[in-house]
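Here is how names work: the chains are called A, B, and so on, in the same order as the sequence lines, proteins then strands, and each is numbered from 1.
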Amino acid sequence: MIPAPKVERALTQVKSGPVKSETPARKDNAFHSLAMERKWQAKWEADKLYRAVIDETRPKHYALTMLPYTSGDLHFGHWYPMAPSDARARYKRMNGYNVLYPIGFDAFGLPGENAAIKRGIHPKEWTYKNIDNMRRQLKTMGTMFDWEREAITADPEYYKWTEWFFIQLFKAGLAYRKMSPVDWCPNCNTTLAREQVWGEDRHCERCGTPVIKKDLEQWFFKSTQYADELLRFDEIDWPERVKTLQTNWIGRSEGASVIFKTEMGDDIEIFTTRPDTLWGATFMVFSPEHPLVDKITAPEQKDEVEAYKQQAARQSDIEREAVDKEKTGVFTGAYAINPVNNERIPIWIADYVLMSYGTGAIMAVPAHDERDFAFARKYNLPIIPVIQPEGVELNGDTMEVAHAGEGVMINSSPFNGTPATSDKGMKNPAIRAVTEWLEQKRIGKRAVNYRYRDWLISRQRYWGSPIPMIYCNVHGWNPVPEDQLPVLLPDDVEWKPTGESPLKLHPTWKNTTCPICGEPATRETDTMDTFMCSSWYHLRYLSPDYDKGPFDEAEYNYWMPVDIYTGGIEHATMHLLYTRFFHKAMRDAGIVEGNEPMLQLRNQGIILGGDNEKMSKSRGNVVSPDELVAQYGTDALRTYLMFAYRWQEGGPWNSSGIEGTARWLRRVWTLFTDPTQPGTASAETRRTLRRRVHQTLRRVTNDFEDFEFNTIISGLMELLNEMYKAREEGAAGSPEWEEATELYLKMLAPVAPHIAEELWTNQLGKPYSIHEQKWPKVDEAAAQEDTLELPVQINGKVRDRIIVAADASEAEIKSAALASAAVQKYLEGREPKKVIVANRRLVSLVI
RNA sequence: GCCGAAGUGGCGGAAUAGGCAGACGCGCACGACUCAAAAUCGUGUUCCCUCGGGAAUGUGGGUUCGAUUCCCACCUUCGGCACCA
């Protein structure tokens with residue numbers, strides 16, 4: 001799921017020189033990062049240090065990071081979210097939580113199949129080879145993943161349950177088949193969900209090819225049934241950005257549906273957000289595809305209408321939906337009756353009315369809608385104002401723009417005089433009054449419309465989870481009996497990008513029998529959108545080997561819900577919305593509990609190439625982490641990824657900055673390994689050291705909680721500088737020094753786990769493993785400052801600094817400030833007009 | 001057009017219940033060590049200056065003793081949506 005193949009060894013980018021020598025021969029205690037890292041990784045694995053099992057005596061913490069797509073090679077797109085997430089999971093673990101931090105692979109999908117078409121490798125072989133490599137790479141990161149919980153979505157043991165979930169959705173009435181115009185990627189040769197079509201040119205999210213429309217019968221999930229609940233975020237701590245994106249995507253609008261009638265008596269249902277403007281409807285507009293068009297068109301208009309329909313059909317969506325396009329339309333020759341005032345109004349067709357939203361027909365109120373206004377002026381249709389703004393008299397013949405704002409209802413007996421505010425929905429008194437009246441009169445009712453569409457799940461491809469459905473000529477569509485799952489993907493298929501699923505072309509695979517009558521029947525040959533696989537992977541991690549259900553309930557009850565989920569914001573309206581829908585649907589089916597699957601979400605930013613462009617093979621700006629690991633070690637890269645950016649922002653990649661964290665870690669190494677004679681530091685030096693240690697601990701602790709990774713590293717860098725200073729002043733050997741070294745390594749452990757372990761066990765001689773130690777507690781008394789240094793401002797400019805006791809009263813601070821030589825000089829004997837002691841942080845004088 | 005995020009040194013960034021702008025690091029310069037280099041260590045590094053200071057957090061206003069932080073208007077960049085009735 002994390003963005004796809006950017007698998008290039010961009011040596012050109014990293015070639016800053018040969019790999020630097022790991023053995024600068026001068027010192028025996030030189031820092032051999034690579035060998036040391038490998039040593040600890042092997043030991044941790046052998047000791048199962050990071051195995052997470054149910055333990056009722058400890059609080060649980062389920063930390064989830066988005067699983068990678070099996071493109072073959074890990075790049076910074078993977079490391080950037082994972083390194084800090086891993087550090088935080090380790091931090092939580094040291095805080096006494098039983099932490100589940102699992103990983104798996106999003107293994108189905110188009111790139112695997114495309115590799116097969118291009119290079120003749122079976123997708124299965126390609127995918128599993130990539131997984132082996134990625135697993136190895138993930139291990140070099142020194143992550144604390146519990147590998148015994150690994151899940152791979154392309155394993156039959158996994159997709160058996162993806163199929164099972166499809167059947168549960170079907171049984172719940174949430175999966176259905178429908179013929180409709182769907183988005184089709186001509187390059188990927190498959191349909192796409194609306195979420196997978198991006199940008200102004202409506203291109204395929206994966207390959208960038210502009211999509212086309214096709215009329216196809218496809219499987220959908222009724223995600224719109226949960227639209228209102230998906231708009232509620234009160235139980236989850238998710239970033240505002242994501243909530244806004246999801247809210248806009250769902251696009252809820254409140255209004256009314258009203259039944260108009262044709263002169264011949266056919267019902268025409270329309271949706272409007274402005275029922276208060278019904279009296280200003282001077283014509284109606286149908287989408288060219290509206291089913292009533294043929295029936296109502298008058299004989300003398302037939303040719304014109306037919307021509308317009310043809311033309312609209314030929315145009316692409318992009319052409320049709322271009323905003324600045326001049327509106328066009330054709331009169332049908334038919335008339336409708338406005339139910340609120342029995343006015344006879346003409347019916348037009350125009351392509352600015354879309355069949356895919358609302359009912360495909362609108363009432364046009366040109367006085368109060370920009371689009372209707374433009375249309376009315378072009379075709380000389382009447383304009384009648386029904387909302388009068390204050391202080392202006394609208395005149396339908398002369399007005400130059402539609403008035404969409406507030407005013408008072410006019411020409412709308414019996415509602416004249418009702419104020420219309422700019423509020424939307426029933427909060428607007430005019431809308432409320434009219435809607436209630438419509439309901440009484442039974443010509444309309446309250447209605448809500450969404451931009452959100454049902455989730456199109458069918459894909460005409462091979463490398464995905466089969467849709468476990470069977471078609472029988474007599475009994476229609478029925479699910480495969482659950483005891484026959486999984487429906488296995490056959491290995492022997494032919495790779496031809498025909499636009500049909502390779503499964504359809506397989507000679508025997510689709511032949512089966514009807515589960516109702518036992519007569520010959522056919523399997524569904526489309527496969528599922530891979531977002532179905534990733535909608536529930538967090539559940540499979542709970543018990544990846546469990547075969548009596550998708551997950552073991554005991555594991556579910558202990559670990560769920562996910563406490564923290566980290567990953568990219570690009571999934572805001574895709575995976576992050578699908579998985580919420582999935583969870584809610586399965587909750588209603590009685591399979592899971594709780595309203596939300598993931599309580600807290602945090603998004604990292606995107607790492608761009610050095611040229612400020614998205615990293616991609618075609619741009620040739622991909623940087624491989626492997627080179628940097630070889631050169632600097634994993635700890636240096638992990639810490640650099642945490643230090644270099646605001647994590648939630650990201651930015652263009654720059655390899656040179658890693659020198660900073662590498663240098664810092666070498667300085668840590670040197671401080672701990674240089675033999676130093678115990679000294680005789682003053683009590684003041686030792687007190688200061690201890691204060692700095694506990695101040696840093698407080699800061700690092702808070703920053704971990706708040707995902708402020710860059711300041712964790714800078715805090716530790718500052719403390720190291722303080723420790724060097726203290727050692728120079730003879731602090732080594734003192735109890736304060738001992739505490740400082742111990743706490744330093746504990747704070748270092750989550751971010752640089754290898755070097756911390758090495759120094760902890762081998763230099764300090766403490767018991768293995770540092771990763772089993774408790775996170776230290778801040779000694780607030782020790783962190784307290786004895787004195788305060790306050791700047792003194794005169795007319796807003798800093799002129800002096802005074803030092804006062806930390807517990808000095810405001811009066812004492814004031815007199816100390818007034819006594820300062822600089823202040824005396826500026827005052828020249830006068831009294832200051834004002835003296836402000838601000839929060840014991842600053843003194844401000846006005847003279 | 002609508003919605004959202006963000007603008008701070010050469011660079012990444014720090015500091016917002018309103019209180020010392022530029023922490024920490026990269027880069028750069030100079031010095032020490034070295035035959036030399038690398039590594040390491042030390043010093044300096046926002047800009048201007050008449051060496052007293054002065055200016056500066058996208059721009060312009062405002063509130064305040066005091067604004068990177070709050071308010072108003074605008075500019076730029078990025079992301080999303082877009083004839084949604």
A side-chain contact here means heavy atoms from C-beta on lying under 4.5 Å apart; do Val823(A) and Val792(A) qualify? yes
Among A23(B), C84(B), G25(B), the nucleotide that comes nearest once only the side chain of Phe643(A) is considered: G25(B)
Between Trp238(A) and Gln246(A), is there a side-chain donor-acceptor contact under 3.5 Å, judged purely by atom types and distance? no
Please state the P separation for the pair G58(B) and C11(B) - nearest whole angstrom. 13 Å
Does a side-chain N or O of Arg241(A) approach OP1 or OP2 of A6(B) to a distance below 4.0 Å, or not? no
Check the surroundings of atom CD in Glu705(A): do more than 12 heavy atoms from other residues, nucleotides or ligands lie under 6.0 Å from it? yes
Does the separation of the ring centres of Phe643(A) and Trp664(A) fall below 6.0 angstrom? no
Whole-angstrom distance between A15(B) and A23(B), as gauged at atom C1': 8 Å
In whole angstroms, the gap separating C1' of G53(B) from CZ of Arg799(A) amounts to 8 Å
Just the rounded figure in Å: distance from C1' of C24(B) to CE of Met717(A). 7 Å
Heavy-atom distance under 4.5 Å between the side chains of Ile383(A) and Thr282(A), does that happen here? no
Asn710(A) has a side chain; which of G19(B), A23(B), G13(B) sits nearest to it? G13(B)
In whole angstrom, give the distance that lies between atom CG of Leu354(A) and atom P of C81(B). 16 Å
Checking understanding here: a glycosidic angle within 90° of 0 is syn, the rest anti, so what is G61(B)? anti
Interatomic distance, Asn654(A) CG vs G27(B) C1' [rounded to whole Å]: 10 Å
With a 4.5 Å cut-off on side-chain heavy atoms, are Met284(A) and Ile345(A) touching? yes
So for atom CD, which belongs to Glu269(A), do other residues, nucleotides or ligands contribute more than 12 heavy atoms lying within a distance under 6.0 Å? yes
Report the base-pairing partner of A15(B) (Watson-Crick or G-U wobble, both distances below 3.5 angstrom), or none. none
Which part of the nucleic acid, if any, lies within contact of Arg841(A), taking any heavy atom under 4.0 Å across all strands shown: a base, the sugar-phosphate backbone alone, or nothing? sugar-phosphate
Give me syn or anti for G44(B), where syn covers glycosidic angles within 90 degrees of 0. anti
Does the structure show a Watson-Crick or G-U wobble partner for G7(B), both distances under 3.5 Å? Name it, or say none. C75(B)
On the side chain of Lys833(A), is there an atom forming a donor-acceptor pair with the base of C65(B) - under 3.5 Å, no angle test? no
Counting only side-chain heavy atoms from C-beta out, which of G19(B), A85(B), C26(B) sits nearest to Ser656(A)? C26(B)
Short side-chain N/O contact to U40(B) OP1/OP2 from Arg663(A), under 4.0 Å: yes
Grab the CG-C1' distance between Leu245(A) and C81(B) for me, whole Å please. 9 Å
Measure from the side-chain heavy atoms of Lys797(A) and tell me the nearest of A23(B), C83(B), A55(B). A55(B)
Given atom CZ of Arg377(A) and atom C1' of C83(B), what is their separation to the nearest angstrom? 19 Å
Spacing between Glu254(A) atom CD and C84(B) atom P, to the nearest angstrom: 18 Å
Does C84(B) have OP1 or OP2 sitting under 4.0 Å from an N or O in the side chain of Lys424(A)? no
Take atom C1' in U16(B) and the same atom in U57(B), then report the distance between them in whole Å. 12 Å
Could you check how far CG of Leu842(A) sits from C1' of U16(B), rounded to whole Å? 15 Å
Choose from U40(B), A85(B), G19(B) the nucleotide whose nearest atom is closest to any side-chain atom of Arg666(A). U40(B)
Any strand is fair game: report the nucleotide pairing with C47(B) by Watson-Crick or G-U wobble, both distances under 3.5 Å, or none. G54(B)
Can you confirm whether more than 12 heavy atoms, excluding those of Lys424(A), are under 6.0 Å from its NZ atom? no
My understanding is that a pair needs two contacts under 3.5 Å, Watson-Crick or G-U wobble. By that rule, which nucleotide pairs with G42(B)? C30(B)
Residue-phosphate contact under 4.0 Å: Asn721(A) side-chain N/O, G25(B) OP1/OP2: yes
C71(B) versus A55(B) - spacing of their C1' atoms, nearest Å: 25 Å
Taking only N and O in the side chain of Arg451(A), is any of them less than 4.0 Å away from OP1 or OP2 of C3(B)? no
Is the distance from OP1 or OP2 of A85(B) to the nearest side-chain N or O of Ser253(A) less than 4.0 Å? yes
Choosing from C83(B), A85(B), C3(B), which nucleotide comes nearest the side chain of Thr244(A)? C3(B)
Could you please name the option among A85(B), A6(B), C26(B) that lies closest to any side-chain atom of Thr272(A)? A85(B)
Watson-Crick/G-U partner (both atom distances under 3.5 Å) of C81(B): G1(B)
For Arg646(A) and A6(B), is the shortest distance between a side-chain N/O and OP1 or OP2 below 4.0 Å? no
